[in-house]
Protein chains: 2
Amino acid sequence: MSTPGPRRTTIKDVAELAGVGVATVSRVLSGGSASAETRERVLDAATKLDYRPSALGRNLRQQRSGGVALLVPDITDGFYARLCDGVLSCARSYREPVTIGVTGDDAEQEADLVGGLLEQSMDRIIAVPSGDGEMWASAVRAGLNVVFADRRVWSPGQHARALDEVPAVLTDDRSGLRTAIEYLTGLGHRKIGFLARQGMSHRVAAFREAMGDLLDEDLVVFARASRDSAYAAAAGLFQRRADLTAVIAGGNMLGEAAVLAARELYVRIPRDLSLIMFDDVPWAELCSPPLTVIAQPASDVGYRAAELVLRHGRRPRTVSLPTELIVRSSCAPRR
Amino acid sequence: MSTPGPRRTTIKDVAELAGVGVATVSRVLSGGSASAETRERVLDAATKLDYRPSALGRNLRQQRSGGVALLVPDITDGFYARLCDGVLSCARSYREPVTIGVTGDDAEQEADLVGGLLEQSMDRIIAVPSGDGEMWASAVRAGLNVVFADRRVWSPGQHARALDEVPAVLTDDRSGLRTAIEYLTGLGHRKIGFLARQGMSHRVAAFREAMGDLLDEDLVVFARASRDSAYAAAAGLFQRRADLTAVIAGGNMLGEAAVLAARELYVRIPRDLSLIMFDDVPWAELCSPPLTVIAQPASDVGYRAAELVLRHGRRPRTVSLPTELIVRSSCAPRR
DNA sequence: AGTGCTCATGGAAACGATTCCATCATCATT
DNA sequence: AATGATGATGGAATCGTTTCCATGAGCACT
């Protein structure tokens, strides 16, 4: 059935050809000390045999499989796609493979995925967490090396501080939202809505805070992770509250849904409704009208997170990356 | 430094608690034959100890690491993101981890990545191939279990047929292009351009074939994998050939670039130029004007490819998934 | 009763690397 | 010249699983 082909060349073969012991070969190849002459003989033999150390053997011995895992809610979302890209590009320079899983913003799937990783003895993981702190706390206790990206999660109990030590790479949503809201209120808007997705509680909290007295709790709505749900949430909000004059979409899928729903309901942007969207995606400029957005350095978030988990040096608690309001044509003064 | 914590429970512990040999435990757990009583005792012990077999040990023994690798040109491209999603969702049901790499449509990076996978003893890979047949042929000879997705590559020599056996999941570009071109010629267009990206030679070939006598080789242009390059290619074509009245973009990034370039150059779509884009992305509808597209079932491509590589049953050579022309507002009769 | 067959079973040998530890040579110091 | 320190070296153990093989029990048939 399978190819009976020539056995893979092992460290033993190299040792034999070089006339040394396997231990010496291992040492030379992983930068240990050896005499110049031996080193040369080993290296020679290795190249002659085109020897590639088997990750399998190494992994078993070291009780950990190499590589990094990456958990995102939805790889189809441009933001997370860029985040992945950032991780991938950093990991590449370390020659570490990246295993990706999508959680769909669902705690159960997330727990499943993490369980699978544990089974693989993966011990490094970058996650956009969806689940409860409980699960992550136990994962950390199990020795998993976690870095949070885009959002984080806190220790459930007031005693357990495990999660509070987990490094995280976030975007500065708070300040992004603040400038966005300043911009909108400057245009005269008072009734400002927020379209959120499950798992965006940090962003919602920032919105609430930035809105201050203006906050109308009825104007923040939640959608689940799907496009349909986003559309339903947007359409529902627009129909329910005719007095709404501006809305902030918590992500590009929400923004897309908002544009679509507005079009469907004959709500004109920006004449009837001003729209600001989180995340600057290429189509925001192509859209009609071009969308004013809060740009986030998605790729950098991924890259930095990967650095944190891979370099593993002395690491800062949390790094926060700047956001930027890019004004295009989807906002107008309140009429 | 590392936790001195309680040793991971191994198969040996289970055997001990159940009062049987390790071999028996292994058999029971992997569905071998055993007496009812033994089976129960083993299962009991396993649950009591919360035993999870270590993938590391298994992998070493079986000389192959589990999981699937997936190579795409650019995960930031909506089409490939959806393809990934399809693969991920299929792999999930098999509980197989997926390792993703991006090639950037570059043969060298691709070869690097494949080398890395070999080192990891990954033996199953789904790839959108960029490189030459040589590399893939040698990978197949090395025992790699390859399935091509979205496009394929043929054996370099006329003797070596290794690659021709590799299964592939493709979209029916040929028929998609044919209907698109029929549509355009029906609107009176004769000078039809094609915006391609490196690695899209199959699509270009299909375009050439479908164009027949109408083909003007000067109207097909190539871009590299970046957004800038796509923009440059589109702008170059539009400026160089004022007689162009219609253009087909070979992918959504090319389409985006075409819209942008047209806008920049005051070329009005569809009045001055009709545009059809490969791949129906959400923003195509949001764009102004909404874009006529050749829709491709990206997610299905991924899913089917994953099925092929994971089920590994008797497998068909190649499966071709239908495309669909979705007419929106980016094409108009030639004036 | 003896022979042959089918099972369940457990010991032990892989798999390929790293790493502990003992050995030995070399060299400097007393 | 004897001792100690240093450094290079290789044998062997180890990681956790699967799988080969031998053993022995149970049973049916001659």
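First the proteins, then the strands, lettered A, B, ... as listed; each starts at 1.
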message: Quick check on D/dA8: is either OP1 or OP2 less than 4.0 Å from any side-chain nitrogen or oxygen of A/Thr38?
response: no
query: Nucleotide by nucleotide, 5' to 3', does protein get under 4.0 Å of the base (B), only the sugar-phosphate (S), or neither (-) in nucleotides 14-21 of chain C, counting heavy atoms?
result: BBBBBB--
statement: Residues pairing under ring-ring contact (aromatic ring centres under 6.0 Å, His included) where one sits in residues 79-131 of chain B, two or more places apart or in two chains, turn out to be none
- prompt: Nearest-Å distance, CD (B/Glu16) to C1' (C/dG10)?
  reply: 14 Å
query: CG of A/Leu310 to CG of A/Asn145: how many Å apart, nearest 0.5 Å?
result: 9.5 Å
query: How long is the line joining CD of A/Glu37 and C1' of D/dT9, in whole Å?
result: 13 Å
message: Test of understanding: with side-chain hydrogen bond (donor to acceptor under 3.5 Å, both in side chains), list the residues that count as partners of A/Thr99, not counting sequence neighbours.
response: B/Thr99
message: So, does B/Ser33 get its side chain near the phosphate of C/dA8, meaning an N or O under 4.0 Å from OP1 or OP2?
response: yes
query: Looking at side-chain heavy atoms only, is the closest gap between B/Phe148 and B/Val153 below 4.5 Å?
result: yes
query: Charged N to carboxylate O below 4.0 Å: is that the case for B/Glu37 and B/Arg41?
result: yes
B/Asp164 and B/Arg161 ion-paired at < 4.0 Å: yes
